[in-house]
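Notes follow once the structure below has been shown.
Positions are given from 1, in the same order as the sequence printed here.
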Amino acid sequence: MLFRSERILRPDATDIDLYEFDLAEDGLFTAEIFAERLTNVSLLNSALTIFDGNGNVLARNDDYFSNDAYLELQLAAGTYFVGVTSTGNLDYDPAVSDTGSGGTTDGNYELRFNFLADPEPGDFLMDVAGTAFDGAADGIVGGVFDFWFQSGETIFVDKANFASTTQDGSLANPYSEIDLALEAVTGTTDIVRIVGNGGGDGDLATPEDALTYQIGFDDNFATLEDGITLIVPQDVTVMIDEGAVIKLQNAIIEVGSASDLIDRSQAALQILGTPDNQVVLTSHGNDAIGGDTDGVSDGANPGDWGGVVFRADSDLEDDGIFLNYVNQANITFGGGQVLVDSVLDIYSSIHVIDARPTISFNTITQGADAAISATLGSFADTILDNRDATLSRIGLDVHGNTVTNNSVNGLFVAVETVFGNAIDKVDTSIRFDDTDIVHIVTENIQIVGNPGGPIEVGGVLQARQSGRLRIDAATVVKLSGARIEGERGHSNFIAEGTAEQQIIFTSIFDDRYGRGGTFDTTNDTDTSTATAGDWGGIVLNAVSNASIDNSFLAFGGGLVPIEGGFDNFNVIEVHQADLRRSEERRVGKECRSRGSPDPSKKKKHKR
């Protein structure tokens with residue numbers, strides 16, 4: 001039997017809350033709604049609008065953190081208004097009361113404002129040459145440089161102390177082997193510190209003669225002198241100092257829990273090289289660094305060892321602390337297949353699994369896999385628990401790296417598609433904001449829509465937040481055999497470039513665009529050329545939201561996997577979705593339309 005229910009009050013949700021504020025100086029203003037994300041979940045699907053003092057619309061957002069709206073923009077000194085309404089109630093005049101209509105939801109909310117004034121010329125640090133520091137490494141003078149560190153009981157490791165027979169891990173008498181130091185860790189140990197040494201000439205800047213740490217197995221499967229692998233213990237931070245040289249074979253450096261059987265949570269790794277004295281991570285067979293440590297062998301080869309692996313429960317993210325840090329390291333011959341906890345897997349030179357480390361100013365070369373890979377959860381865009389938008393973390397922080405002569409030169413977006421398991425999807429708010437490295441996509445990115453809103457569990461409303469992918473201006477995304485899809489419901493896709501800094505969506509074989517020291521993303525020395533249909537497109541399903549502005553799309557419209565088979569898609573394909581599109585450019589001869597013939601593929605790139 002079907003019953004039709006009716007509301008007692010009209011379902012037009014016409015409320016408009018208008019807030020006035022004055023700015024005495026120029027700066028960055030943010031406004032954020034908490035409704036769906038409240039502890040007591042609200043049914044409000046909010047919209048935010050910013051007006052200038054004359055009532056002109058400056059910016060508007062409907063859905064950013066799932067159904068909660070968010071706005072961020074530069075404002076000059078002056079008077080402004082922020083309007084809070086329901087989705088659907090957008091065509092109103094802030095100067096005339098009761099002009100709203102079309103709203104579809106109502107409920108409680110919290111509104112948070114933040115303002116960061118632009119720095120004055122004397123407000124930021126300068127070097128001796130008068131060059132201002134860019135703290136946030138975003139190309140803008142000023143900003144905040146965040147670095148977290150830990151202090152406490154420390155065990156020291158120094159290969160130069162190999163002759164001592166009374167090693168105790170103190171600064172005066174350190175262990176000479178990494179495995180001995182890790183075995184000495186107790187419940188009170190906070191830090192294991194691996195120091196560099198100058199080798200025969202005492203110079204950290206000449207790693208050719210350094211006394212090296214050696215991890216893994218040699219060609220005869222004998223254990224190397226510093227242990228089978230470097231696994232950071234639970235609640236411990238391993239710090240690798242400038243000038244340290246670590247040679248590896250058939251091994252990884254691992255942070256966090258690889259399985260549910262052994263808890264290594266809140267472990268952290270800090271690789272602390274400097275411009276003059278980098279940390280070196282290389283193959284055991286690399287005789288050019290630290291001399292001939294492997295005897296007669298086939299030398300150093302891509303894939304001789306795995307990589308630096310950051311797992312989901314490493315670090316202290318729940319406390320708003322991000323210790324994991326790889327800076328000024330020279331990483332070579334990684335990207336290999338390694339057996340970890342009885343599972344044989346391929347690792348990138350830096351391999352990130354739902355973690356958010358800082359990876360900066362490294363040189364990554366000669367890897368058999370991607371220079372850096374990161375799962376979708378590693379790009380999570382979050383405001384910390386105090387709800388202060390100035391204290392946030394936008395995914396892993398990748399900047400200033402040189403990535404050349406690897407099998408894949410870029411940041412590989414790893415979408416888990418393990419047989420028998422659910423396909424990994426964007427079920428939270430994520431953001432690609434690392435603009436100086438190419439983002440590589442070879443599996444479909446599906447953004448969860450969660451139609452229907454919250455559900456009642458045990459008499460309490462429980463939010464079912466939708467996913468969001470935002471891509472920043474100047475980002476290059478290269479794809480192969482994949483599409484980006486907003487699923488039915490409130491999924492959200494934002495790709496807003498500028499006239500000066502377009503967002504690029506193109507084929508993985510398109511060598512016109514590059515970052516990180518090369519345009520040759522697939523490292524094939526131009527033997528492969530991009531063709532129309534190398535990737536699918538951007539697909540928006542019913543009720544999803546998208547904004548595409550100042551973007552360049554090339555070589556799309558191809559055949560990509562769908563559930564149970566394959567299908568072609570248009571470069572931008574919309575099915576009853578809400579799309580805002582402005583200054584978007586598709587190159588006709590480089591893109592195919594749905595239903596056009598599929599040219600024979602000369603190549604296919606998969607990880």
**Asked** Are the side chains of I240 and L269 in touch, meaning some heavy atoms are under 4.5 Å apart?
**Response** yes

**Prompt:** Where do G367 and P302 come nearest, in terms of heavy atoms and distance?
**Reply:** C-CB, 4.1 Å

**Asked** Would you say L344 and Q337 make side-chain contact, with heavy atoms under 4.5 Å?
**Response** yes

**Message:** Under a 3.5 Å distance rule, please check whether N401 uses its side chain to pair with a backbone N or O of N362 as donor and acceptor.
**Reply:** yes

**Message:** Is there a side chain to side chain contact (heavy atoms under 4.5 Å, CB included) between T442 and L479? Walk through the geometry before answering.
**Reply:** CA-CA 6 Å; T442 64; L479 304 97; over 6 Å; no

**Y213 (side chain) donor-acceptor with V157 (main chain) under 3.5 angstrom** = yes

**Message:** Cation-pi check for F432 against R470: NZ or CZ below 6.0 Å from the six-membered ring centre and within 45 degrees of the axis, yes or no?
**Reply:** no

**Message:** Can a side-chain donor-acceptor contact be found between T274 and D276 if the only test is distance below 3.5 angstrom?
**Reply:** no

**Message:** When you measure from the side chain of K425 to the backbone of G467, do you find a donor-acceptor pair of N or O atoms at a distance under 3.5 Å?
**Reply:** no

**Asked** Does a donor on one side chain sit under 3.5 Å from an acceptor on the other, for Q249 and D219?
**Response** yes

**Request:** Using atom types as modelled and distance alone, determine if a side-chain donor or acceptor of S297 lies under 3.5 Å from a backbone N or O of G299.
**Result:** yes

**Request:** Would you check if there is a donor-acceptor pair between the side chains of N409 and T518 at a distance under 3.5 Å?
**Result:** no

**Fill in**
All heavy atoms of A368 vs all of G335, minimum pair found to be CB-O, 3.5 Å

**Message:** Less than 4.0 angstrom from a charged side-chain N to a carboxylate O is my criterion; do D397 and R356 meet it?
**Reply:** no

**Message:** Between Q150 and T237, is there a side-chain donor-acceptor contact under 3.5 Å, judged purely by atom types and distance?
**Reply:** yes

**Message:** Using a 3.5 Å distance criterion without hydrogens, assess whether the side chain of S373 forms a donor-acceptor pair with backbone atoms of A370.
**Reply:** no

**Asked** Just by distance, do the side chain of Q167 and the backbone of S176 share a donor-acceptor pair under 3.5 Å?
**Response** yes

**Prompt:** Do any N or O atoms from the side chain of S507 and from the backbone of F509 form a donor-acceptor pair under 3.5 angstrom?
**Reply:** yes

**Request:** Anything under 30° is parallel, anything over 60° is perpendicular, the rest tilted; go ahead and classify F217 against F221.
**Result:** tilted

**side chain to side chain contact (heavy atoms under 4.5 Å, CB included) evaluation trace for E242 with Q278** = CA-CA 6 Å; E242 62 172 324; Q278 290 187 313; over 6 Å; no

**Asked** Is it the case that D313 and S265 place a side-chain donor and acceptor less than 3.5 Å from each other?
**Response** no

**Request:** State which residues pass side chain to side chain donor-acceptor pair (under 3.5 Å) with H439; sequence neighbours excluded, sorted by chain then number.
**Result:** none

**Request:** Decide whether D354 and S378 meet the rule of one side-chain donor and one side-chain acceptor closer than 3.5 Å.
**Result:** no

**Item:** Note, D315 side chain near F322 side chain (heavy atom, < 4.5 Å)
**Value:** yes

**Prompt:** Any sub-3.5 Å donor-acceptor pair from Q266's side-chain atoms to V236's backbone N or O?
**Reply:** no

**Item:** Within-4.5 Å side-chain heavy-atom neighbours: F147 and L272
**Value:** yes

**Prompt:** Do the side-chain N and O atoms of K478 and T521 include a donor-acceptor pair separated by under 3.5 angstrom?
**Reply:** yes

**Item:** Centroid separation F361 to H399 less than 6.0 Å
**Value:** yes

**Request:** Quick one: do W535 and F505 satisfy side chain to side chain contact (heavy atoms under 4.5 Å, CB included)? Show the steps, please.
**Result:** CA-CA 10 Å; W535 62 285; F505 297 92; 3.9 Å; yes

**Request:** Kindly say whether L323 contributes a backbone atom to a donor-acceptor pair with the side chain of Q270 at under 3.5 angstrom?
**Result:** yes

**Message:** Test salt bridge (charged side-chain N to carboxylate O under 4.0 Å, His left out) on R512 and D510; report intermediate values, then the result.
**Reply:** CA-CA 6 Å; R512 296 174 300 175; D510 186 354; 2.9 Å; yes

**Request:** Go through the side-chain N and O atoms of N173 and S164 and say whether any donor and acceptor fall under 3.5 Å apart.
**Result:** yes

**Request:** Any chance you could measure L316, atom CG, to I321, atom CD1, to the nearest 0.5 Å?
**Result:** 5.0 Å

**Item:** Single hit among D158, T154, D241 for side-chain hydrogen bond (donor to acceptor under 3.5 Å, both in side chains) with R193
**Value:** D241

**Test item: side-chain donor near acceptor, N330 and T363, under 3.5 Å** = no

**Message:** For a 4.5 angstrom cut-off between non-hydrogen side-chain atoms, does L182 reach P233?
**Reply:** yes

**Message:** Could you go through N324 and V255, starting from their C-alpha distance and side-chain angles, then the distance that decides it, and tell me whether this counts as side chain to side chain contact (heavy atoms under 4.5 Å, CB included)?
**Reply:** CA-CA 9 Å; N324 285 333; V255 196; 4.0 Å; yes

**Message:** Is it the case that the side chains of E153 and T188 hold a donor-acceptor pair, with the cut-off being a distance below 3.5 Å and no angle test?
**Reply:** yes

**Request:** Could you tell me the separation between the CG atom of D146 and the OH atom of Y325, rounded to the nearest 0.5 Å?
**Result:** 10.5 Å

**Asked** Are any side-chain N or O atoms of N406 and backbone N or O atoms of D369, one a donor and one an acceptor, separated by less than 3.5 Å?
**Response** no

**Request:** Give the intermediate values and the outcome of salt bridge (charged side-chain N to carboxylate O under 4.0 Å, His left out) for residues D381 and R468.
**Result:** CA-CA 9 Å; D381 177 9; R468 182 259 292 161; 3.1 Å; yes

**Message:** Looking only at side-chain N and O atoms, does S283 offer a donor or acceptor that is under 3.5 Å from a partner on N286?
**Reply:** no

**Prompt:** Between D226 and K159, is there a side-chain N and carboxylate O pair less than 4.0 Å apart?
**Reply:** yes

**Prompt:** Between T475 and D472, do the side chains contain an N or O donor and an N or O acceptor separated by less than 3.5 Å?
**Reply:** no

